[in-house]
**Q** 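I'd like to ask you about the structure that follows.
Everything numeric here is computed off the predicted structure, so don't read it as measured data. Remember, it's 1-based here, ligands and their atoms both numbered in the order they're listed. All values below come from the heavy atoms of this structure, side chains included, with hydrogens, waters and symmetry mates left out.
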Amino acid sequence: MTRPSSARRPGPGGDPDVESPAPSTPAPGPGGTVLVGLTGGIASGKSAVAQRMAARGAVVIDADVLSRYALQPGGEGLAEVAEAFGESVLTAEGALDRAALGAIVFSDPEARRRLNSIVHPRVRQQARALREQAPPGSVVVEDIPLLVETGQADRFDLVVVVQAPEEERVRRIVEDRDGTEADARARIEAQATDAQRAEVADVVLDNSGSLEDLEARVDELMDRLSRSDRGGLIGRA
Ligand SMILES: CC(C)(COP(=O)(O)OP(=O)(O)OC[C@H]1O[C@@H](n2cnc3c(N)ncnc32)[C@H](O)[C@@H]1O)[C@@H](O)C(=O)NCCC(=O)NCCS
Ligand SMILES: Nc1ncnc2c1ncn2[C@@H]1O[C@H](COP(=O)(O)OP(=O)(O)OP(=O)(O)O)[C@@H](O)[C@H]1O
């Protein structure tokens, strides 16, 4: 199920000077399972895509959900976060104060790296466990906001990137989620660019139109993935 590394697939943190072996055709995993990595910038529409894929029978593993699980009250992850960032990131009830921690990590790259080093290994461990439970022959979709930033593209049979214009994404955060424009821009700044994501994409889904348009594109992708030859999608690398 692991895709071979290829020169065009290092994450932005990867070493561009290291020669990778020539890409070969990745075989879908055991029982014909296809592992799809889904990513995109904040508010690009990843969850909307994942939801539609799930409605079409895919098994979806959501890294944002797993990162919340990793920092649940009473857990070791949250204790490590409190030790690293102080009690001010906890609520009176001992839960994570997400706004307080967000304000710290999205204005300080070193703090963000520290948080990521606490959360990401836990997310990966949980994702692996869920992946292993998927029925053979499934389309398994991992929705990972930081797939490119963390150099994970090579482990997927197919990388799907959702794109929407930055101004539209900021508008969605501010109007639909009551976020501030400054927070939206700080998060965008903390992530890879669309160009970096496009570099590792097998499929780019444009989400600058309506949700119906997006769902139609997802349906087309799922139709191709459910065909026995995977619609020529897998192994194009
Ligand atoms: C800082 C935290 C507490 C803020 O919580 P909040 O509820 O405001 O945001 P939420 O978790 O719902 O994330 C919303 C979006 O923010 C972006 N984002 C979150 N964490 C990060 C990060 N470390 N770097 C860049 N972007 C991020 C993603 O696009 C994500 O989809 C939280 O995001 C967190 O624990 N982040 C670290 C874990 C992480 O990297 N998660 C992303 C995928 S594993
Ligand atoms: N084509 C669209 N038209 C209008 N609204 C949309 C469209 N696509 C997504 N949205 C809305 O924009 C917001 C962000 O979408 P979504 O939650 O799917 O993005 P995301 O990439 O998963 O975000 P995050 O990185 O925060 O997890 C949601 O409120 C969603 O309903």
**Q** Using a strict 4.0 Å cut-off to heavy atoms of P145, name the atoms of ligand 1 that fall inside it.
**A** 28 (C), 29 (O), 31 (O), 43 (C)
**Q** Apply side chain to side chain contact (heavy atoms under 4.5 Å, CB included) to the pair T39 and F156, showing each step before the final yes or no.
**A** CA-CA 12 Å; T39 193; F156 294 99; over 6 Å; no
**Q** For G45, is at least one N or O under 3.5 Å away from an N or O on ligand 2?
**A** yes
**Q** Non-hydrogen atoms of L211 versus ligand 2: any pair closer than 4.0 Å?
**A** yes
**Q** Checking a contact table here: which protein heavy atom is nearest atom 28 (C) of ligand 2, and how many Å away?
**A** D176 OD2, 4.5 Å
**Q** Got the closest protein heavy atom to atom 8 (N) of ligand 2, with its distance?
**A** N207 ND2, 3.0 Å
**Q** Purely on distance, is any nitrogen or oxygen of A48 under 3.5 Å from one on ligand 2?
**A** yes
**Q** May I ask whether E149 has any heavy atom positioned less than 4.0 angstrom from an atom of ligand 1?
**A** no
**Q** Could you find the nearest protein heavy atom to atom 17 (O) of ligand 2 and give me its residue, atom name and distance?
**A** R177 NH2, 3.1 Å
**Q** Between A164 and ligand 2, find which residue part has any heavy-atom pair under 4.0 Å and reply side chain, backbone, both or neither.
**A** neither
**Q** Would you check whether D143 has a nitrogen or oxygen atom less than 3.5 angstrom from a nitrogen or oxygen atom of ligand 2?
**A** no
**Q** Do me a favour and list the nearest non-hydrogen protein atom to atom 27 (O) of ligand 2 with residue, atom name and distance?
**A** D64 OD2, 3.2 Å
**Q** Does L214, backbone or side chain, put an N or O under 3.5 Å from an N or O of ligand 2?
**A** no
**Q** Supply the atom-to-atom distance L66 CG to L71 CG, rounded to the nearest 0.5 angstrom.
**A** 11.0 Å
**Q** What part of R172, side chain, backbone, both or neither, has a heavy atom within less than 4.0 angstrom of ligand 2?
**A** side chain
**Q** Within the structure, does R68 bring an N/O atom to less than 3.5 angstrom of an N/O atom in ligand 1?
**A** yes
**Q** Of the side chain and backbone of V119, name the one, both, or neither that has a heavy atom under 4.0 Å from an atom of ligand 1.
**A** side chain
**Q** Applying a 4.0 Å heavy-atom criterion (strictly less than), which segment of P145 is in contact with ligand 2: side chain, backbone, both, or neither?
**A** neither
**Q** Under 3.5 Å between some N or O of ligand 1 and some N or O of K46?
**A** no
